[in-house]
Amino acid sequence: MSETLERYLTIHEVAARTGQHIETVRRAIRAGRLAAYRIPKNTRITEEAFQDYIRSYHCPAHGTTSRTSNYDAVNGASSGGKKGSASGFQQVQRMKRALARR
């Protein structure tokens, strides 16, 4: 009877493996993205739960360093559009000034 015990990771070990801050790992646990077992003064994560988290939610920065994706991330609509574009309020103010000059 050789039963293998399941390996449990600490928050510090998960943070070190993913390159994240410890509080980021804690937030993932609170949000339900990373399954964990809480016992008094300890939190443990199974190796299986850790692998699920990596496959589903973790996106390391070095995985998105192509020039195109970085350009789209900075200049895309989700980040407010291209630099120099005016907000609706600014456009209204410009129109009022232009009409006042006439």
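- Taking the centre and axis of the six-membered ring of Phe50, the NZ or CZ atom of Arg17 falls inside the cone set by 45° and 6.0 Å.
- Note that CG of Leu34 is 12.0 Å distant from OG1 of Thr24, once rounded to the nearest 0.5 Å.
- Atom CG of Asn42 and atom OH of Tyr8 lie 13.0 Å apart (nearest 0.5 Å).
- With values rounded to the nearest 0.5 angstrom, Ile45 atom CD1 is found 11.0 Å from Tyr37 atom OH.
- A salt bridge links Arg30 with Glu23: at least one charged nitrogen is closer than 4.0 Å to a carboxylate oxygen.
- Of the inter-residue distances, the one linking Met95 atom CE with Gln91 atom CD reads 8.5 Å to the nearest 0.5 angstrom.
- Between the side chain of Thr18 and the backbone N or O of Val14, at least one donor-acceptor pair lies under 3.5 Å.
- Considering every non-hydrogen atom in both Ala36 and Thr43, the closest pair reads CB-CG2, 3.7 Å.
- Looking at Arg7 and Thr46, their side chains never come closer than 4.5 Å, going by heavy atoms from C-beta outward.
- The hydrophobic clustering, which links ILVMFWY residues whose side-chain heavy atoms are closer than 4.5 Å, places Ile29 and Ile54 together.
- With respect to the salt-bridge test (charged N to carboxylate O, under 4.0 angstrom), the residues Glu13 and Arg44 do not qualify.
- Annotation for Glu48: atom CD does not count as buried by contact number, only 12 or fewer foreign heavy atoms lying within 6.0 Å.
- The structure places CZ of Arg27 at 9.5 Å from CD of Gln20, a figure rounded to the nearest 0.5 Å.
- Leu99 CG to Arg94 CZ: the interatomic distance, rounded to the nearest 0.5 Å, is 14.0 Å.
- Of all non-hydrogen atoms in Ala49 and Ala35, the two that sit nearest each other are CB-O, 3.7 Å.
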